[in-house]
Amino acid sequence: MLRCLLNRAAARLMSERQLDKTYDPKQVEERWYQVWIDRGYFRASVTHPGRPYCIVIPPPNVTGSLHVGHALNNSLQDILIRWRRMQGRNVLWMPGTDHAGIATQNVVERQLLAEGTSREALGRERFLQRVWEWKAKAGDTIIQQLKRLGASCDWDRLRFTMDEGLSKAVREVFVRLYEDGLIYRGERLINWCPRCLTALSDIEVEHEDIRGKMYYIRYPLADDPGTALTVATTRPETMLGDTAVAVHPEDPRYRHLIGKAVRLPLTTRDIPIVGDTILVDLEFGTGAVKITPAHDFNDFEASERHGLPRISLLTARAQMDDIGLQEAQADPSLNLALKSVHQARTIVVEALRERGFLTKVEDHKMAIGKCYRCKTVVEPFLSPQWFVKIKPLAEPAIKVVEDGRIRLIPEAWVNNYLGWMRDIKDWCISRQIWWGHQIPAWYCTSCNREHIVRSGRAVGTTAEGGRLPEITKWNYTLAQGAQPVVAKSVPTRCPDCGGQEFVQDPDVLDTWFSSGLWPFSTLGWPDETPELKTYYPTSTLVTGLDILFFWVARMIMMGLKFTGDVPFRDVYIHALVRDAEGQKMSKSKGNVIDPLHMMERYGTDALRFTLASMASPGRDIKLSEERIEGYRNFANKLWNAARFILMHLDGPREDISAAARSFPDRWILSRLNFAIRSVTQELEHYRFDRAASRLYHFIWHEYCDWYLEMVKPFLQHNDSVDARRTRHTLVETFETVQRLLHPFMPFITEEIWQTLPHEGESLVIQPYPEERPDWDSKDTEHAFGILEQCVTTTRTARALLNYPPGKPVAFFAWGSYEREGQILETLQGLVAHLGRGVVQVLPFDQWPSSNVLRLAAEGLTVGMVVEGDVDLQKALARISRQRAEGAAEVQRLEAKLKNVEFTSNAPPDVVAEHQGRLKVLQRDQAVLLSSEEQLCAIMRRRAP
RNA sequence: AGGCGGAUAGCUCAGUCGGGAGAGCGCUGCCCUUACAAGGCAGAGGUCACAGGUUCAAUCCCUGUUCCGCCUACCA
């Protein structure tokens, strides 16, 4: 015990001179990242040699904070980027942030609320100033966190979606689309968030199933109140806005009623009965459908088909609107004005019931839409909005994916993408918020006409409501505090009426409008910059599937339209990160794994490696802290391998020809080459998980568990030829390992690499390992297989029999001496070293020789077949025969064996069960095993 | 409602020629062997969801069923 402690103390003294015993990420990461930045390794230049390789970062919200989804997304990008950089490509990783319109505005509005004020109170200009201030303050956070993650972006090129350059691109795109007739303004039914007070596009609405109710309401015929049509609805409060009832023209129940009218309950209005094949499903409900054009998308379309009026019952805050109620001729005694939708429903249902119109209420499963930013229930809302006519843009975007000019990885998403694109609806791009790119549309105050210009400058404000063009009144009324700004300079003169004053549209563009331009706007478009020429189309896009439609689809459409080329070649789509239970991470559930906390605790490399190893295609990632801990241990393992190697490097190194290399050296080079080949292949196929797993297995199990163990005897005598050569291979292989692993674990590999003998100033710019066919050695790997079996067999037998660790074990092999036997003989030293204790290798065909028996008499004896074609039954028969014929010597020795018995007849079931497997039978039976097919011999320890 | 994905060890998951059932974590036993106890060695543990079919042979291919997840969606 004492000796052990002393040994450990001595070892610690020795090692502390070089590296600490455990890897401490903290003091390594910051230091190296600063060096990399200072030396400009991440800087891209169009003049760099090498084929361009470019990734544009999915820009995170400028005021956001790094969550685990970012960590995954950016770890994978950094792996690709570092790998390609080391391969000598001209690499650009373009970083940037997104202004994230609604999300950011909401954040600042919450701050204002806490201060007891509001954006309306501040007014548009001061509010925007406030957001810019917040952006200046918080905008750096996410960037610093990405740096912490090791992201090797070219930070000098950092862009923001509301930069002047990018804003210019946005206006240019808007104008060109307008000129091409692909942008239009119109009063349409859109999705409206009554909390954010803005329109949303279709995909910004999240659907959620709820248990609702279906209400059946009688609509009496106007000319025959005794007869009634019964309609079914889930939203009875909107019935006041009905402007027709539809039935199927082939429905025998109702077809004779088409053209007649019903008296709408709770109102004094008569509304027509129309025939409609699209809206009405004969099988569903009662077969009669109320048409409420201002509050339902289908009904809106039906109203277009039949030329029906639209009555909007709701205010922007989703309250019952006084004017709308009057228009609907609703019974004033109901007192619905300014009641919420929910209250209105109660009132209307109660009134219908009292007056005998409500015939039935039943449970009904239905879906409601919620705002993706604030989860408020959205309302279909009639309002003037800007739209992009999307079909002409979608068609080429479908084609490039069909053609394979853009590859989606995994391919499973192709169908999803195509299906969505083929069914795509016009894109509502106007938002009634303030934070974003204001729409470059100006209205003449005299004639109301709109003018779209590339640049417009406001020169004076007016509070005169009278000066507002009719066309913008709704928008300005809604945006209280947004003072109309009059422009006298641009456009200079209204071409239609000669008017000289203009008011800009107060709305801003959907955030995704500007991020849709990201791949080319960040490279300088619309100018023909060298960057654009060099790096566009970009190479790979790495993104989560949650923004496939929001962002990726728009980039493809915009890229094709404005550059005539695809924005990227490959789209790698990774999964969502969930918690260990598979739940979506959210702050409210409290199941968030904070990547910053993980980096702090386990090191950035461990986090990155975890995320990479879990990035299997087609499955969500269930992240757990234990997993990260496991890879922290992996980093530590690597670290200690480095310590071991450094500890043995004091001494000369000698390069030698391949032929003269030692067995362990030849073996590890062959395995290393295999690792290089597979890691590279897996990366080319975006199989980060497999690449990571190969690295893990190679480094831990092949390199550390076997190679470093095998090498120890070679290093015993410091100046020996063996030691000199081994040192050379140690450096050669371990340096290669650092390069191979660097894209995954950039920090620890740099730290280790710098302490190894090396050429060059940083691992970041070293070449990535390439295949070395001359390192391949099938023979060596075959021999290693035999060695491994011998060693494992010995250890297994020893463990199961509780055989003392230090006591010798005899080992004998069964096979042809010329082949495997000879191999084993040459590896005797290694078998002895790895198998612990004294091991003798004997050709098995001498068995039972006196040598073997002598060993057996002394202790545990292990034998195995090393050649595949031994017939078990025959072999066992031979053993019996030899014993029966009985060399006197054999019998004499056998008699001496107190506790070991040789069994010449393996039980048939044992043979059947264990044939071909390296396996020990039972606790009291030692042995023995096989190479490929055959069980070989069984020794039984007698019970004491 | 449609589409897609998944179901393999206690847990999380690999397994893309149709022939060997695997890894990590967890668990059990032994071991502080001079790189590493965040370690080493060994071990237990599976009807590859279910039912059919094709085949000499199926975790893998086909059909159907069940359960879970996701995406899309205008059934009032």
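Letters A, B, ... mirror the listed sequences (proteins, then strands); counts begin at 1.
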Heavy-atom nearest nucleotide on RNA chain B taken for A:F634 and for A:R627; more 5' hit belongs to A:R627

Verify the contact: side-chain N or O of A:W413 to OP1 or OP2 of B:G3, cut-off strictly under 4.0 Å; return yes or no.
-> no

Do the side-chain N and O atoms of A:S303 and A:R310 include a donor-acceptor pair separated by under 3.5 angstrom?
-> yes

For RNA chain B, the dot-bracket pattern of Watson-Crick and G-U pairs whose distances stay under 3.5 Å, | for other-strand partners | (((((((..((((.....[..)))).(((((.......))))).....(((((..]....))))))))))))....

Using a cut-off of strictly less than 4.0 Å, decide whether A:K21 has a side-chain nitrogen or oxygen near OP1 or OP2 of B:A37.
-> yes

Would A:D650 and A:N718 count as having a side-chain donor-acceptor pair, cut-off 3.5 Å?
-> no

May I have the distance from A:W420 (atom CH2) to B:A73 (atom P), rounded to whole angstrom?
-> 8 Å

Distance between C1' atoms of B:U55 and B:G18 (Å, rounded) = 9 Å

Say you pick atom C1' in B:C13 and the same atom in B:G6; how far apart are they, in whole Å?
-> 12 Å

Between B:G15 and B:U54, how far apart are the C1' atoms? Round to whole Å, please.
-> 23 Å

Measure distances between side-chain N and O atoms of A:R632 and base N and O atoms of B:A38, and say whether any donor-acceptor pair falls under 3.5 Å.
-> yes

Separation of the P atoms in B:A9 and B:C62, to the nearest angstrom | 22 Å

B:U59 and B:A49: how far apart are their C1' atoms, nearest whole angstrom?
-> 12 Å

Interatomic distance where CD belongs to A:E626 and P belongs to B:G10 [whole Å] = 18 Å

Per A:R643 side chain, nearest of listed nucleotides B:A38, B:A76, B:A35 | B:A35

Between P of B:C13 and CG of A:L611, the distance in whole Å = 14 Å

So, is A:R795 near the phosphate of B:A42, with a side-chain N or O under 4.0 Å from OP1 or OP2?
-> yes

Give one of base, sugar-phosphate or nothing for A:L545, where a contact means two heavy atoms less than 4.0 Å apart.
-> nothing

Whole-Å gap separating P (B:G24) and CZ (A:F609) | 13 Å

Is atom CD of A:E304 surrounded by more than 12 heavy atoms (other residues, nucleotides or ligands) closer than 6.0 Å?
-> yes

Can you tell me how far C1' in B:A23 sits from the matching atom in B:C48, rounded to whole Å?
-> 15 Å

Look at the aromatic rings of A:F549 and A:W420 and report parallel, tilted or perpendicular, splitting at 30° and 60°.
-> parallel

Take the protein atom CG of A:N415 and the nucleotide atom C1' of B:G5, then report the distance between them rounded to whole Å.
-> 12 Å

Between A:W706 and A:R795, is there a cation-pi geometry (under 6.0 Å to ring centre, at most 45° from the normal)?
-> yes

For A:G603, report the nucleic acid contact type (base, sugar-phosphate, nothing); a contact means any heavy atom under 4.0 Å.
-> nothing

From CG of A:D296 across to C1' of B:A73 the rounded distance in Å is 13 Å

If we ignore angles and hydrogens, is there a donor and acceptor under 3.5 Å between the side chains of A:H248 and A:D276?
-> no

Step by step, work out the side-chain contact (heavy atoms from CB on, under 4.5 Å) result for A:N415 and A:Y417.
-> CA-CA 5 Å; A:N415 280 337; A:Y417 170 87; over 6 Å; no

Donor-acceptor pair (no angle test) under 3.5 Å: A:K637 side chain, B:C36 base | yes

Which part of the nucleic acid, if any, lies within contact of A:K365, taking any heavy atom under 4.0 Å across all strands shown: a base, the sugar-phosphate backbone alone, or nothing?
-> nothing

Which of A:F747, A:Y602, A:W639, A:Y631 passes ring pair (Phe, Tyr, Trp, His ring centres under 6.0 Å) with A:Y23? It is A:W639

Ranking B:A76, B:A35, B:C71 by distance to the side chain of A:H648, first place goes to B:A35

Separation between the P atoms of B:C50 and B:U8, rounded to whole Å = 10 Å

With C1' as the reference atom in both, quote the distance from B:G45 to B:G24 in angstrom, rounded to an integer.
-> 15 Å

Within 6.0 angstrom of A:H701 NE2, more than 12 heavy atoms from elsewhere | yes

Under-4.0 Å salt bridge between A:D251 and A:R253 = yes

Nearest-Å distance for atom pair CD1/P, residues A:I368 and B:C75 = 13 Å

Any luck finding a side-chain donor-acceptor pair between A:E204 and A:Y372 under 3.5 Å?
-> yes

Short side-chain N/O contact to B:C71 OP1/OP2 from A:H207, under 4.0 Å | no

Should the pair A:Y686 and A:Y572 be assigned to parallel (<30°), tilted (30 to 60°) or perpendicular (>60°) ring geometry?
-> parallel

Working for ring-ring contact (aromatic ring centres under 6.0 Å, His included), residues A:Y703 and A:F734 | CA-CA 9 Å; A:Y703 199 86; A:F734 206 54; 5.6 Å; yes

With heavy atoms under 4.0 Å as the rule, sort A:D705 into base, sugar-phosphate or nothing.
-> sugar-phosphate

So, is A:N636 close to the B:G39 phosphate, meaning a side-chain N or O under 4.0 Å from OP1 or OP2?
-> no

Using a cut-off of strictly less than 4.0 Å between a heavy atom of the residue and any atom of RNA chain B, enumerate the qualifying residues of residues 681-698 of chain A by number.
-> A:R687, A:R690, A:Y696

Relative to the 5' end of RNA chain B, which residue comes earlier, A:N640 or A:W700, by the nucleotide with the nearest heavy atom?
-> A:N640

How would you label the contact of A:E709 with the nucleic acid (heavy atoms, under 4.0 Å): base, sugar-phosphate, or nothing?
-> base

side-chain N/O A:K425 vs B:A73 OP1/OP2, d < 4.0 Å | no

Just call it for A:H364: base, sugar-phosphate, or nothing, with non-hydrogen atoms closer than 4.0 Å on any strand.
-> sugar-phosphate

What is the nucleic acid contact for A:N416, judged by heavy atoms within less than 4.0 Å: base, sugar-phosphate only, or nothing?
-> sugar-phosphate

Using atom NE2 of A:H248 as one end and atom C1' of B:C75 as the other, report the distance to the nearest whole Å.
-> 13 Å

